There are 2 protein chains.
Amino acid sequence: MKKAAATRLTILQKAFELIYVKGYQTTSIDDILATTQVTKGAFYYHFKNKDEMGLAIINEILKPTMTESFITPLQNPGDPLEFIYGMMQHLLIGNPFLKPEFGCPASNITQEMTPWNADFGHAMNELMKQWEDTLVEVLEKGKAAGFVKKDVHSKQVTIMVMSGYWGVRNLGKLDQGKESYSRYLKELKNYLNSLK
Amino acid sequence: MKKAAATRLTILQKAFELIYVKGYQTTSIDDILATTQVTKGAFYYHFKNKDEMGLAIINEILKPTMTESFITPLQNPGDPLEFIYGMMQHLLIGNPFLKPEFGCPASNITQEMTPWNADFGHAMNELMKQWEDTLVEVLEKGKAAGFVKKDVHSKQVTIMVMSGYWGVRNLGKLDQGKESYSRYLKELKNYLNSLK
DNA sequence: TTGTAAAAATACCAAGGAGTATCTTTATGA
DNA sequence: TCATAAAGATACTCCTTGGTATTTTTACAA
């Protein structure tokens with residue numbers, strides 16, 4: 001019962017990468033089989049159908065990655081505004097897996113799948129809610145610690161930050177992130193400064 | 001030579017709506033034929049292939065619509081910050097064609113097509129450049145007229161605004177725009193106020 | 001009116017899509 | 001060791017896809 005779990009995991013991981021660069025609907029199961037060297041029998045042993053695999057990718061790959069990358073490290077003390085900026089910088093230019101031309105995996109899936117399959121929307125919504133809640137919490141702690149102005153509306157700021165990230169990820173597809181990323185980061189710094 | 005132009009236009013318009021709702025790759029030519037009541041012969045008389053139609057949609061539908069909706073009205077005098085806010089409000093909640101669950105047509109196409117077909121990327125880049133240039137110009141005029149602080153970096157603010165729009169359009173897919181839109185708008189107002 | 005090209009209709013094709021049915025191999029626990 | 005179920009392999013089916021080939025209709029200039 002060890003080998004099987006491994007094949008299942010490679011399917012999820014490779015499929016995730018393919019979907020990230022090609023999109024969900026245009027990544028065929030045969031594509032996945034070809035790159036994983038897994039046969040169709042094995043695939044359909046592990047997953048009832050393509051969508052079940054898609055959900056599994058969100059829940060078993062995307063969600064844990066998000067948690068350990070953005071949720072857990074956010075819990076540390078200090079200036080939340082500094083931290084948000086650092087996180088954004090890391091997300092946009094510090095993470096070698098995330099390429100400008102392919103955008104953000106979470107954003108891509110949301111954009112593509114939400115109108116089609118409600119389950120994808122629910123799964124992604126959970127993911128975003130988790131990120132949102134953490135950011136709000138961190139901002140509130142920052143207010144208590146005097147890093148952030150008292151009249152700042154944490155939920156609004158959070159939406160502003162998350163929107164900016166997804167938006168610039170998409171804008172960055174047009175110029176390979178060459179100018180959009182750096183300009184966004186500079187202005188984000190200005191914006192965050194206005195909150196303290 | 002009048003009827004032909006009309007069929008061509010209906011193809012572009014109906015296909016645009018379908019693509020907005022379903023996505024480009026998952027909108028089949030047969031879908032388009034079914035909703036337009038046009039036959040395959042007529043379709044391929046007007047367009048060499050699907051992608052040529054896609055480009056025509058960007059250039060002949062999306063671009064003119066953008067121009068008359070965001071470029072031309074932006075030219076009027078007055079406080080550019082007020083105007084940007086009003087434009088955003090109209091885009092997000094005042095435009096009946098743009099539904100939260102389907103996002104922004106321009107954003108959708110960029111997200112979906114840019115990694116696949118460079119021509120789509122170039123066309124969309126032109127579109128966005130036009131919007132960006134206009135926003136920058138308007139902000140600069142606002143600085144000269146005293147509506148905007150002198151030390152504001154117009155290009156950065158523009159990227160911030162455009163990113164926020166695309167991002168919240170995508171976020172809004174997850175909650176049908178119920179909370180994300182209004183929160184974004186409120187914080188956008190705060191942000192814009194910090195620029196004057 | 002009629003010849004000619006524009007415009008549109010119809011029928012078809014090869015490739016690729018998701019998913020199934022059936023068989024073979026591998027592991028494991030009694 | 002060996003029966004049984006897990007895991008994987010192979011070969012299909014049926015449907016949709018973008019695109020083509022060919023024919024028919026429409027418009028209009030002479």
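Owing to the predicted nature of the structure, the values given are computational and were not obtained by experimental measurement. Convention: sequence-line order gives letters A, B, ...; per-chain numbering from 1. Excluded from the calculations below are hydrogen atoms, water molecules and symmetry mates; all remaining heavy atoms, backbone and side chain alike, are included.
Checked against the 6.0 Å centroid criterion, the rings of Tyr184(A) and Tyr165(A) do not qualify as a close aromatic pair.
Comparing dA7(C), dG19(C), dG8(D) by their closest approach to the side chain of Ala4(B) singles out dA7(C). Looking at the side chain of Tyr45(B), the nearest of the listed nucleotides dT17(D), dA7(C), dG19(C) is dA7(C).
Atom CD1 in Ile32(A) sits about 14 Å away from atom C1' in dG19(C), given to the nearest Å. The interatomic distance linking Leu33(B) (CG) with dA8(C) (P) rounds to 13 Å, in whole Å. Taking atom NZ of residue Lys48(A) and atom P of nucleotide dG19(C), one finds them 9 Å apart after rounding to whole Å. In this structure, His46(B) atom NE2 and dG19(D) atom P are separated by 17 Å, rounded to whole Å. Put simply, CZ on Phe47(A) is 12 Å from P on dA7(D), counting in whole angstrom units. With rounding to whole Å, Lys3(A) atom NZ is found 21 Å from dA5(D) atom P. As rounded to whole Å, 5 Å separates atom C1' of dG18(D) from atom CD1 of Ile29(B). At whole-Å resolution of the value, NZ in Lys50(B) and P in dG19(D) are 8 Å apart.
Thr110(A) and Asn170(B) form no side-chain donor-acceptor contact under 3.5 Å, judged by distance and modelled atom types alone. For the residue pair Asp175(B)/Asn125(A), the side-chain donor-acceptor check at 3.5 Å is not satisfied.
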Between the protein and nucleotides 9-12 of chain D, which nitrogen or oxygen pairs are less than 3.5 angstrom apart?
unit_1: dA9(D); atom_1: OP2; unit_2: Thr39(A); atom_2: N; d: 3.4
unit_1: dA9(D); atom_1: OP2; unit_2: Thr39(A); atom_2: OG1; d: 2.8

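When each of Ile11(A), Leu12(A), Thr10(A) is paired with Arg8(A), the side-chain contact (heavy atoms from CB on, under 4.5 Å) condition holds for Leu12(A) and for no other. Of the candidates Asn108(B), Asp51(B), Asn117(B), Asp51(B) is the only one forming a side chain to side chain donor-acceptor pair (under 3.5 Å) with Tyr24(B).
Nucleic acid contact for Phe43(B): none, since no nucleic acid atom lies under 4.0 Å from a heavy atom of the residue.
Residues Leu98(B) and Arg169(B) form a side-chain contact, since some pair of their non-hydrogen atoms from C-beta on lies under 4.5 Å apart.
In terms of phosphate contacts, Ser28(B) brings a side-chain nitrogen or oxygen within less than 4.0 Å of OP1 or OP2 of dT17(D). The side chain of Thr7(A) places an N or O atom within less than 4.0 Å of a non-bridging phosphate oxygen (OP1 or OP2) of dG8(D).
Using a 4.0 Å cut-off between charged nitrogen and carboxylate oxygen, Glu17(A) and Lys14(A) do not count as a salt-bridge pair.
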